[in-house]
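Chain A is the first sequence line, chain B the second, and so forth, proteins listed ahead of strands; every chain is numbered from 1.
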There are 2 protein chains.
Amino acid sequence: MNPLLLTKTTVHAPIQSQTRADDAFDCLQMAIVKGDLAPGEKIGEVELCARFNLTRGPLREALGRLESRGLLVRRAHAGVKVVSVSSDELIELYHIREAMEGLAARQAAERMTDAEIADLHATLDSHEAMIKQAHGQAYYQGEGDYDFHHRIATGSRNAKLAQMLLGDLYYMVRMYRYRLSTSAGRPQKALGEHRRIAEAIAQRDGELAEFLMRRHINAARKNIEQKIRQGTLDI
Amino acid sequence: MNPLLLTKTTVHAPIQSQTRADDAFDCLQMAIVKGDLAPGEKIGEVELCARFNLTRGPLREALGRLESRGLLVRRAHAGVKVVSVSSDELIELYHIREAMEGLAARQAAERMTDAEIADLHATLDSHEAMIKQAHGQAYYQGEGDYDFHHRIATGSRNAKLAQMLLGDLYYMVRMYRYRLSTSAGRPQKALGEHRRIAEAIAQRDGELAEFLMRRHINAARKNIEQKIRQGTLDI
DNA sequence: GAGTCCTGGATTGTTGACAATATGAGGCAC
DNA sequence: GTGCCTCATATTGTCAACAATCCAGGACTC
């Protein structure tokens with residue numbers, strides 16, 4: 001359905017289209033994001049090799065890439081462990097998102113094609129249907145949200161911006177979203193905010209789109225801050 | 001014999017302080033940034049091994065990291081070449097900087113210690129002296145500028161933000177700055193803008209610091225855009 | 001003469017073994 | 001009993017050889 005996202009979770013394709021280091025990178029990234037490898041967990045290379053059926057050469061290359069992206073930390077001769085982000089750092093990620101996605105929304109309003117905008121609206125329609133079907137359950141917040149932001153990022157036509165958002169930030173945020181219980185009512189509210197952003201983009205109003213996107217992410221951040229204060233979310 | 005004491009102190013002293021892959025990563029990154037490896041240049045692994053005196057294992061790990069950071073592009077079995085950024089993409093980098101460094105300036109105003117702010121002012125004093133000494137030559141624009149922005153980024157106390165700015169964006173920008181002739185008069189103007197930003201930070205005025213930083217980078221971007229139009233800068 | 005297929009060569013991807021180092025258990029002195 | 005040093009072990013860093021793949025040049029066909 002959405003080929004851009006999450007095609008790797010299923011059984012590895014028999015055809016080896018890419019290199020083994022790439023496979024290892026994808027698998028590890030997914031394992032970290034989904035929580036199969038817990039934050040702070042120390043992992044050995046040989047263990048990982050057995051787990052993913054590969055040898056240490058490609059594995060080490062993948063580990064290097066993951067370290068460079070900030071999902072792992074390595075100490076020479078002392079092993080590698082999954083990065084553990086404090087609640088403060090999670091908040092900081094949202095501050096960064098606010099700045100970067102605001103820019104993405106503005107540029108998307110200026111540059112998205114009409115067809116892309118139509119797709120954006122269609123995406124929101126399908127999200128609305130899913131929310132109704134699931135009675136406001138977690139699905140939307142878990143993946144659908146990123147579907148929307150994904151389209152904005154690519155629609156900005158700013159390759160580096162999209163790379164930083166899709167390749168760096170989202171993975172770190174999703175790492176915590178996966179264990180984050182959705183607050184009731186938030187999905188509907190978020191959908192409304194998405195709708196308004198999409199409208200601003202459709203009207204080619206970059207300033208408004210930026211403003212609305214910033215406010216949208218600001219609201220999400222405050223939602224998380226509240227949960228942390230309440231103790232609902234501990235990291 | 002007391003091998004423990006010896007190994008603890010002497011083995012650490014030689015140049016081999018870190019792992020070879022780290023060395024390769026640093027060397028390659030510097031070579032790309034300084035232009036020793038031209039953008040678009042295709043480079044072979046064995047050639048690089050000979051150049052940096054290492055074997056292909058650590059080298060490949062370093063290449064993976066560099067690719068993940070966007071300084072290289074690799075195709076399976078087809079070699080690796082230095083990324084070549086178009087002038088449009090360079091402009092996009094400045095848009096991203098505007099958003100991210102605006103945030104950094106705001107957070108720095110809220111979080112920098114008084115000692116750090118004093119250091120910031122001292123840095124600007126030394127920059128002013130250098131400009132006078134060099135009659136507005138390129139030095140300031142080439143490195144001193146990044147010195148200032150470096151301090152702001154770290155002063156934000158936002159680890160991920162600093163990592164993205166210092167680890168990703170600056171290297172790509174510097175890659176082109178190195179071959180960018182400084183326009184006369186711009187260093188002094190930039191210094192004045194830096195002074196005002198530092199003052200806003202000293203007064204703990206986050207909003208103003210963000211506004212001034214955004215305008216500062218906006219001006220730098222327009223300066224480059226003008227050069228591109230004039231044909232002074234071709235990429 | 002132009003396009004296509006094929007083959008040789010070179011380069012990359014991968015593997016398993018070897019060397020260097022940090023961690024943790026155990027013993028010794030105090 | 002507590003703290004420090006020592007040593008063994010397991011883990012990581014590195015290396016050189018092997019296998020898989022792409023690219024360039026040439027011959028052949030249309």
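Using a 4.0 Å cut-off between a side-chain N of Lys or Arg and a carboxylate O of Asp or Glu, B/Glu225 and B/Arg229 do not qualify as a salt bridge. B/Arg106 has no carboxylate O lying under 4.0 Å from a charged side-chain N of A/Glu98, or vice versa, which leaves the two without a salt bridge.
Residue B/His216 is tested with B/His149, B/Arg97, B/Arg221 for a side-chain hydrogen bond (donor to acceptor under 3.5 Å, both in side chains); the sole match is B/His149.
Scanning residues 49-71 of chain B for heavy-atom distances under 4.0 Å to DNA chain C yields B/Arg56, B/Arg60. Interface residues of residues 75-84 of chain A facing DNA chain D, ordered by number: A/Ala76, A/His77, A/Gly79; criterion, heavy-atom separation under 4.0 Å.
Between B/Glu45 and B/Leu63, some side-chain heavy-atom pair lies under the 4.5 Å cut-off.
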Practice problem: Kindly indicate, with the supporting measurements, whether the criterion salt bridge (charged side-chain N to carboxylate O under 4.0 Å, His left out) is fulfilled by A/Glu92 and B/Lys160. | Solution: CA-CA 8 Å; A/Glu92 295 297 356; B/Lys160 186 70 181 174; over 6 Å; no

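Summarising the geometry of A/Leu165 relative to A/Ala104, their closest heavy-atom pair is CD1-CB, 4.3 Å, with the distance given to 0.1 Å. Smallest separation of non-hydrogen atoms from A/Ala198 and A/Leu120: CB-CD2, 3.9 Å.
Considering only side-chain N and O atoms, B/Thr19 lies nowhere under 4.0 angstrom from the phosphate OP1 or OP2 of D/dT12.
Protein atom CZ of B/Arg20 is 11 Å distant from nucleotide atom P of C/dT21, rounded to whole Å. The interatomic distance linking A/Gln18 (CD) with D/dT21 (P) rounds to 14 Å, in whole Å. The CG atom of A/Leu48 sits 13 Å away from the C1' atom of D/dT11 (whole-angstrom rounding). One can place NZ of B/Lys42 at 13 Å from P of D/dC22, the figure rounded to the nearest angstrom. Atom-to-atom, CD of A/Glu45 to P of C/dG16 comes out at 15 Å; the value is rounded to the nearest Å. In this structure, CG of B/Asp22 is placed 9 Å from P of D/dG13, rounded to the nearest angstrom.
For the salt bridge (charged side-chain N to carboxylate O under 4.0 Å, His left out) test, no residue two or more places apart in sequence or in another chain qualifies with B/Glu89.
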